[in-house]
Amino acid sequence: MVRTRFAPSPTGFLHIGGARTALFSWAYAQRHQGQFVLRVEDTDVERSTPEAVQAILDGMAWLGLNHDEGPHYQMQRMDIYKQHIQKMLEDGSAYYCYSSKESLDALRASQMEQGIKPRYDGHWRPEAGKVLPEVPQGVPPVVRFKNPQTGTVSWDDLVKGRIEIANAELDDVIIARADGTPTYNFCVVIDDWEMGITQVIRGDDHVNNTPRQINMLHALGAEVPQYAHLSMILGSDGAKLSKRHGAVGVMQYHEDGYLPEAVLNYLARLGWSHGDAELFNIDQFCEWFDLDHITPSAAQFSTEKLNWYNAHYIKEKSPESLVGDLTERLTKLGVNLENTPVTSDIIALYQERVSTLNELAEAIAFFFQMPAIEPALLEKHLNEAAVPVMKSLYAQLEQHEAWDKDSLNALVSAFMKDNGLKIPKVFMPMRAMLIGIMQSPDLYAVMALLGKAEVLARMNLALIKKH
RNA sequence: GUCCCCAUCGUCUAGAGGCCUAGGACACCUGGUUUUCAUCCAGGCAACAGGGGUUCGACUCCCCUUGGGGACACCA
């Protein structure tokens with residue numbers, strides 16, 4: 001049974017890289033009829049917050065990445081870790097180290113200065129025939145894993161291929177702090193083992209932790225899972241994404257008017273491919289997904305392409321299904337919808353013209369409230385020549401009973417013909433008066449949806465201002 | 001500094017020795033459709049980092065160089 005997991009640490013929101021890791025992990029489980037486990041790695045008490053846990057849960061729920069098991073919280077599994085540490089202490093695969101943090105820092109600094117890789121010097125590491133220093137009084141020790149010193153650790157990474165690292169490169173990692181709490185590298189090992197994880201799909205930044213983890217698994221007599229290390233996502237400028245540089249939570253995409261299906265499709269194509277396929281839904285993705293077609297190199301995030309996906313999925317939506325969302329967004333924009341509700345007809349008129357739902361909300365706002373019209377714009381299009389024409393058209397519209405697109409078309413067309421007017425002479429001033437923007441969908445449809453009273457009122461307002 | 005990883009159009013990528021005069025997508029440009037804009041349609045621009053090998057043949061395999069990234073915490 002395939003079991004994958006997503007193991008975020010709740011120190012911030014679920015960012016785009018984390019979301020992709022979760023997506024791939026989740027999809028792998030789906031593809032193989034396996035299970036997807038969610039595990040919250042909250043052992044860093046200083047930085048973990050319940051808000052962050054919630055943000056991660058929200059983000060995953062929004063994307064529809066549902067877990068089959070969990071969330072497990074590492075802080076609630078302390079007893080398990082401590083038992084294992086005790087056992088390792090007893091069988092000699094771990095030992096107490098009394099070196100102070102200060103002396104360790106000093107050691108690291110001097111090693112860096114000498115140009116060698118900083119690592120623990122094995123001061124307290126027990127060895128056959130070695131006499132350990134005298135245990136200092138009142139110093140609570142940390143526990144270190146006794147890593148093998150010779151040979152190499154290797155594994156066949158599912159995305160990067162074979163990776164080998166010499167044990168000589170590894171030092172004895174701390175698995176329990178002085179206060180007795182276990183550290184990340186140890187918890188991961190125990191959890192992946194005890195939770196029966198078969199494929200560990202995680203970020204690139206863990207490649208260097210993998211050999212230590214494999215060594216610990218061996219010491220524990222546990223089976224080693226398969227590993228797949230995903231390369232990271234870079235900002236659109238090629239630089240690393242960080243809090244102060246472009247990294248935002250996935251929920252921010254919701255805020256900004258992106259559809260989860262667009263984010264999902266985009267993320268799926270970032271570093272993974274299925275021939276020339278660009279547009280596919282989540283079910284299709286789960287059917288196709290495999291680890292063989294993941295690019296081992298880092299990928300740059302592109303808002304342009306995300307926008308393209310989003311525009312596509314917005315077009316695909318039924319207008320009805322967008323009514324609720326747009327109502328919320330318009331309300332947030334401060335648009336009063338009490339008198340005129342958002343309708344699917346209005347949405348339909350604009351949904352293929354935007355790339356985000358926020359743009360859609362902004363675009364249709366003029367249906368519900370009088371837009372602010374640039375005086376200069378009105379001046380330009382409702383000029384000396386246009387005023388009498390519009391007054392005359394106003395009179396005709398006032399008499400017009402039917403107020404649908406086709407009859408308006410018939411009326412205005414006849415009006416233009418009778419007066420020998422070219423289309424722009426009528427349309428441009430109308431746009432200026434009604435919406436204050438010179439580009440719009442079919443003007444007759446706009447007029448029909450605006451309603452007779454509103455059209456006349458706006459024309460009137462503009463014409464009065466004129467004189 | 002040490003170790004690990006990576007390297008095809010501006011960007012995301014296809015490519016598992018001959019199918020490659022290197023394909024698709026985004027962006028960009030041109031044309032068409034359109035009352036305007038957008039959509040849509042048609043077309044175009046644009047890449048195998050460099051140098052050595054291996055081979056009849058290399059984008060594909062090996063080595064080096066260069067460039068980029070990551071890891072080196074009592075963080076995860």
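Just so it is clear: chains get the letters A, B, ... in the order the sequence lines come, proteins before strands, and each one is counted from 1.
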Inset, instruction - Provide the distance between the two C1' atoms, one in C9(B) and one in C4(B), to the nearest whole Å. - result: 29 Å

Inset, instruction - Measure centre to centre between the rings of W308(A) and Y266(A), then say whether the value is under 6.0 Å. - result: no

Legend entry - Among C72(B), C75(B), C12(B), the one nearest P118(A) by side-chain distance: C72(B)

Inset, instruction - Would you kindly give the CZ-to-P distance between R202(A) and A71(B), to the nearest whole Å? - result: 13 Å

Inset, instruction - Please tell me which of the listed nucleotides, C3(B), A76(B), U36(B), lies nearest to the side chain of H206(A)? - result: A76(B)

Legend entry - S297(A), nearest nucleotide to its side chain (from C6(B), A27(B), C12(B)): C6(B)

Inset, instruction - Give one of base, sugar-phosphate or nothing for S355(A), where a contact means two heavy atoms less than 4.0 Å apart. - result: nothing

Inset, instruction - With the side chain of R269(A) defined as its heavy atoms from C-beta on, choose the nearest nucleotide among U13(B), U2(B), U36(B). - result: U13(B)

Inset, instruction - Between C74(B), A7(B), U36(B), spot the one nearest the side chain of R108(A), thanks. - result: C74(B)

Legend entry - Whole-Å distance separating the CG atom of L267(A) from the P atom of U13(B): 12 Å

Inset, instruction - Measure the shortest side-chain to side-chain distance between Q149(A) and R125(A) over non-hydrogen atoms and say whether it is less than 4.5 angstrom. - result: yes

Inset, instruction - Please state the C1' separation for the pair A25(B) and C64(B) - nearest whole angstrom. - result: 35 Å

Legend entry - SB check R144(A) D171(A) (cutoff 4.0 Å): no

Inset, instruction - Could you tell me whether N209(A) contacts a base, only the sugar-phosphate backbone, or nothing, with contacts defined as non-hydrogen atoms closer than 4.0 Å? - result: base

Inset, instruction - Looking at every strand, decide which applies to E352(A) at a 4.0 Å heavy-atom threshold: base, sugar-phosphate, or nothing. - result: base

Legend entry - Interatomic distance at C1', A27(B) relative to C45(B), whole Å: 12 Å

Inset, instruction - State the NE2-CH2 distance between H229(A) and W155(A), to the nearest 0.5 angstrom. - result: 6.0 Å

Legend entry - Candidates C5(B), C74(B), A7(B) - which lies nearest the side chain of I163(A): C5(B)

Inset, instruction - Mark yes or no for a side-chain to base donor-acceptor pair under 3.5 Å between R119(A) and C72(B), with no hydrogen or angle criteria applied. - result: no

Inset, instruction - For T43(A), report the nucleic acid contact type (base, sugar-phosphate, nothing); a contact means any heavy atom under 4.0 Å. - result: sugar-phosphate

Inset, instruction - Consider only side-chain N and O atoms of T181(A) and D179(A), and report whether a donor and an acceptor are under 3.5 Å apart. - result: yes

Inset, instruction - Return the nearest nucleotide to the side chain of K315(A); candidates are A38(B), C40(B), C26(B). - result: C40(B)

Legend entry - Euclidean distance, atom CH2 of residue W155(A) to atom P of C4(B) [Å, nearest integer]: 11 Å

Inset, instruction - Pick base, sugar-phosphate or nothing for G203(A), based on heavy-atom distances below 4.0 Å to the nucleic acid. - result: nothing

Inset, instruction - Check whether the ring centres of H293(A) and W272(A) lie less than 6.0 Å apart, and answer yes or no. - result: no

Inset, instruction - Could you please name the option among C40(B), C12(B), A71(B) that lies closest to any side-chain atom of K305(A)? - result: C12(B)

Legend entry - Touch class at under 4.0 angstrom, heavy-atom based, for S231(A) against every strand present: nothing

Legend entry - Nearest-Å distance for atom pair OH/C1', residues Y309(A) and U13(B): 10 Å

Inset, instruction - Pick base, sugar-phosphate or nothing for V142(A), based on heavy-atom distances below 4.0 Å to the nucleic acid. - result: base

Legend entry - Nearest-angstrom distance, C1' atom, U33(B) to G43(B): 15 Å

Inset, instruction - Give a yes/no answer on whether the side chain of R39(A) brings an N or O atom under 4.0 Å of OP1 or OP2 in A76(B). - result: no

Inset, instruction - May I ask you to say what A178(A) touches in the nucleic acid, namely base, sugar-phosphate or nothing, with a heavy-atom cut-off under 4.0 Å? - result: base

Inset, instruction - Identify the nucleotide, in any strand shown, that forms a Watson-Crick or G-U wobble pair with C61(B), with both distances under 3.5 Å; if there is none, say none. - result: G53(B)

Inset, instruction - For G32(B) and A38(B), measure between their P atoms and round to the nearest Å. - result: 14 Å

Inset, instruction - Check every atom of U36(B), C74(B), U13(B) against the side chain of M428(A) and return the nucleotide holding the closest atom. - result: U36(B)

Legend entry - Residue closer to the 5' end of RNA chain B, L270(A) versus I116(A) (nearest nucleotide): I116(A)

Legend entry - Rounded distance in Å - CD1 (I56(A)) to C1' (A76(B)): 11 Å

Inset, instruction - Can you tell me, in whole Å, how much space there is between the P of A22(B) and that of C28(B)? - result: 25 Å

Legend entry - Of the listed nucleotides A73(B), G70(B), C5(B), the one nearest the side chain of K160(A): C5(B)

Inset, instruction - Compare side-chain N and O positions of S302(A) against OP1 and OP2 of C12(B) and report whether any pair is under 4.0 Å apart. - result: no

Inset, instruction - Write down the distance between NE2 (H274(A)) and P (G15(B)), rounded to a whole number of angstrom. - result: 11 Å

Inset, instruction - Using a 4.0 Å heavy-atom cut-off across all strands, classify P211(A) as base, sugar-phosphate, or nothing. - result: nothing

Inset, instruction - Rounded to the nearest angstrom, tell me the gap between atom CE in M112(A) and atom C1' in C3(B). - result: 12 Å

Legend entry - Partner nucleotide of U2(B) by Watson-Crick or wobble geometry (both distances under 3.5 Å): A71(B)

Legend entry - Non-hydrogen side-chain atoms of M216(A) and V173(A) separated by less than 4.5 Å: yes

Inset, instruction - Calculate the interatomic distance between Y120(A) atom OH and A73(B) atom C1'; express it in whole Å. - result: 15 Å

Inset, instruction - Would you classify S273(A) as touching base, sugar-phosphate or nothing, given that sugar-phosphate means primed atoms plus P, OP1 and OP2, and contacts are heavy atoms under 4.0 Å? - result: sugar-phosphate

Legend entry - Same-atom distance (C1') from A16(B) to C59(B), integer angstrom: 12 Å

Legend entry - 5' priority, RNA chain B, between Q300(A) and H293(A) [closest heavy atom]: Q300(A)

Inset, instruction - Could you measure between the two P atoms, the one in G31(B) and the one in U36(B), and give it in whole Å? - result: 15 Å

Inset, instruction - State plainly whether the residues D172(A) and R119(A) are in salt-bridge range, i.e. N to O under 4.0 Å. - result: no

Legend entry - Heavy-atom side-chain contact between K452(A) and M447(A) under 4.5 Å: no

